[in-house]
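Here the structure is laid out as structure tokens; the discussion comes afterwards.
Values below: every heavy atom of this structure, side chains too, minus hydrogens, waters and symmetry copies. Chain A is the first sequence line, chain B the second, and so forth, proteins listed ahead of strands; every chain is numbered from 1.
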Amino acid sequence: MNIPRPRGTRDLLHETLRAFLRIENAASSVFERFGYQPIRIPIFERAELFIRSVGEETDIVSKEMYTFQDRGGRDLTLRPEGTAGTARAAIENGLLSRGEARKFYYTGPMFRYERPQAGRYREFWQTGIESFGSNDPLIDAETILCAQLFLDELNIAPVRIRLNSVGSGERHTYADALKQHLQPNFENLGPQDKARFENNALRLLDSKDPNTKRMLENAPSILDFLSDESRAHLDAVQNALDAAGVKYQLDPSIVRGLDYYTGTVFEISVDSLGAQDVVVGGGRYNGLIEQLGGKPTPGIGFAAGIDRLALAMSAQDSLEETSPLIQVWIVAIGEEAKPRAFALLNEIRRAGMRADMDYQGRGVRSQLRTADRLNAHYAVILGEDELARGEATLKKMSDGTQESAPLDETAARLRQSVPTNT
RNA sequence: GCGGACGUAGCUCAGCUGGUUAGAGCUCCUGACUGUGGAUCAGGAGGUCGGGGGUUCGAAUCCCCUCGUUCGCCCCA
């Protein structure tokens with residue numbers, strides 16, 4: 001191949017694309033039931049937006065962003081996630097001035113310069129919701145319910161929901177306590193965990209090093225460091241989830257990587273996926289809007305990975321049969337019949353059916369074979385004989401039966417015979 | 001960014017320790033069936049053996065580099 005696609009990008013085709021479209025449809029359907037309205041934001045933003053919101057020290061910003069200068073010398077970044085841009089748009093368009101909570105959902109490609117593997121691409125798709133303006137724990141619970149219904153709608157199961165709270169400022173004092181706990185054994189940590197110890201101690205909690213895990217067994221839990229307010233908020237979220245019958249685990253080791261998270265955080269993973277198994281991640285970000293220059297406004301949301309959901313769907317074989325691409329196939333025989341067949345094709349399409357014909361001058365046999373392969377409901381045969389009678393032959397592909405219809409009634413006849421919902 | 005595996009036709013793969021024009025199945029096209037699909041049979045099309053370099057009389061096969069995919073780490077959706 002001469003010019004292959006860039007690493008970590010994909011051409012979406014066939015079943016994969018069908019899965020994507022189904023996921024996007026389920027997303028808007030479910031999200032709108034929860035009162036979210038669609039929003040589309042730029043695919044590139046000023047680099048500064050992500051540095052300020054996601055956090056300069058995070059991996060996403062420090063080594064995974066596609067940042068470039070445009071011809072005017074502006075520093076721009078291909079969006080690595082959707083929350084920052086949505087928050088920016090809400091501020092910029094004055095969407096936060098009304099009293100009630102404002103809810104938005106987005107869908108689109110995101111970009112991160114990571115090492116690709118199954119379920120992780122440099123261009124990947126997310127759909128997500130953001131709710132601004134309320135700090136009610138019920139909104140936290142609702143956000144999780146929304147994610148759950150979304151996954152249910154796609155028949156993705158079983159699913160593991162994990163909940164935690166990182167507090168507002170408490171994560172910092174907790175991180176210090178964690179470091180204090182591990183300090184005596186610092187030399188026993190692996191090189192990777194030593195780096196985490198220095199840069200992002202909370203990350204130690206999901207270390208896979210068995211040695212580190214052992215050292216953490218008696219470590220303090222963030223739950224013990226939450227302020228009364230944070231603790232009460234978390235309790236309220238749990239009560240709401242319990243009341244709604246949601247099965248989840250309280251997991252103090254859940255640490256979200258983006259700096260803007262405060263309080264409630266959660267992740268939903270699917271067992272069938274392997275290493276990249278988190279399909280939904282989200283949480284509360286009460287400081288974000290203010291940080292981006294808006295009035296202090298609480299917020300919460302989640303992002304779902306469409307690529308991973310599609311993988312989970314094929315892994316679970318929950319992709320349903322799709323309707324045939326073509327319902328009616330026109331078979332023209334001979335040069336004189338072609339223009340008339342072409343006109344008839346147009347009428348059939350105008351009558352609302354998916355129809356097509358051969359443009360490669362192939363024989364009757366081949367044309368019918370194509371009709372068969374495309375799973376067309378009908379083949380319409382038009383040759384000298386039919387032209388002479390002013391009729392078309394309608395062949396029902398499922399049983400091979402044929403009937404004749406006057407040319408000017410053919411489209412209407414098909415409209416009645418072709419199954420409507422396919 | 002780190003470690004491992006893999007890369008032969010559109011797809012799934014074969015090709016023994018390097019040896020003449022690189023194979024099979026499926027798919028596709030044509031015909032048997034001069035205007036009728038799904039079956040069968042016959043023929044055909046389709047390959048820079050991921051790319052580059054090296055070793056050799058000779059490389060799909062051995063070596064190096066590179067690109068890509070994949071598994072794990074990391075990170076995260």
Query - Watson-Crick or G-U wobble mate for B:G38, both contacts under 3.5 Å - result: none
Query - Polar pair under 3.5 Å, donor/acceptor by atom type, side chain A:Arg7, base B:C67 - result: no
Requested in this report: Assign A:Ser366 to base, sugar-phosphate, or nothing according to its heavy-atom contacts below 4.0 angstrom with the strands shown.
Outcome: sugar-phosphate
**Report entry** Euclidean distance, atom CZ of residue A:Arg115 to atom P of B:A5 [Å, nearest integer]
**Finding:** 13 Å
Query raised in the report: Across the strands shown, which category fits A:Gly383 at heavy-atom distances under 4.0 angstrom: base, sugar-phosphate, nothing?
Result: base
Query - Polar side-chain contact A:Arg120-B:C74 base: donor and acceptor under 3.5 Å - result: yes
Report task. Compute the centroid of each ring, for A:Tyr36 and then for A:Tyr105, and state whether the two points are separated by less than 6.0 Å. Result -> no
Requested in this report: Would you kindly check whether a donor in the side chain of A:Gln117 faces an acceptor in the base of B:U69, or vice versa, at under 3.5 angstrom?
Outcome: no
Query raised in the report: A:Leu368 has an atom CG; how far is it from atom C1' of B:G37, in whole Å?
Result: 5 Å
**Report entry** A:Pro6 vs A:Arg308, nearer the 5' end of RNA chain B by closest nucleotide
**Finding:** A:Pro6
Requested in this report: Kindly say whether, by distance alone, the side chain of A:Glu386 makes a donor-acceptor pair under 3.5 Å with the base of B:G35?
Outcome: yes
Report task. Could you work out the separation of B:C16 and B:C2 based on their P atoms and round it to a whole Å? Result -> 33 Å
Query raised in the report: With both distances under 3.5 Å as the test, what is the Watson-Crick or G-U wobble partner of B:U61?
Result: none
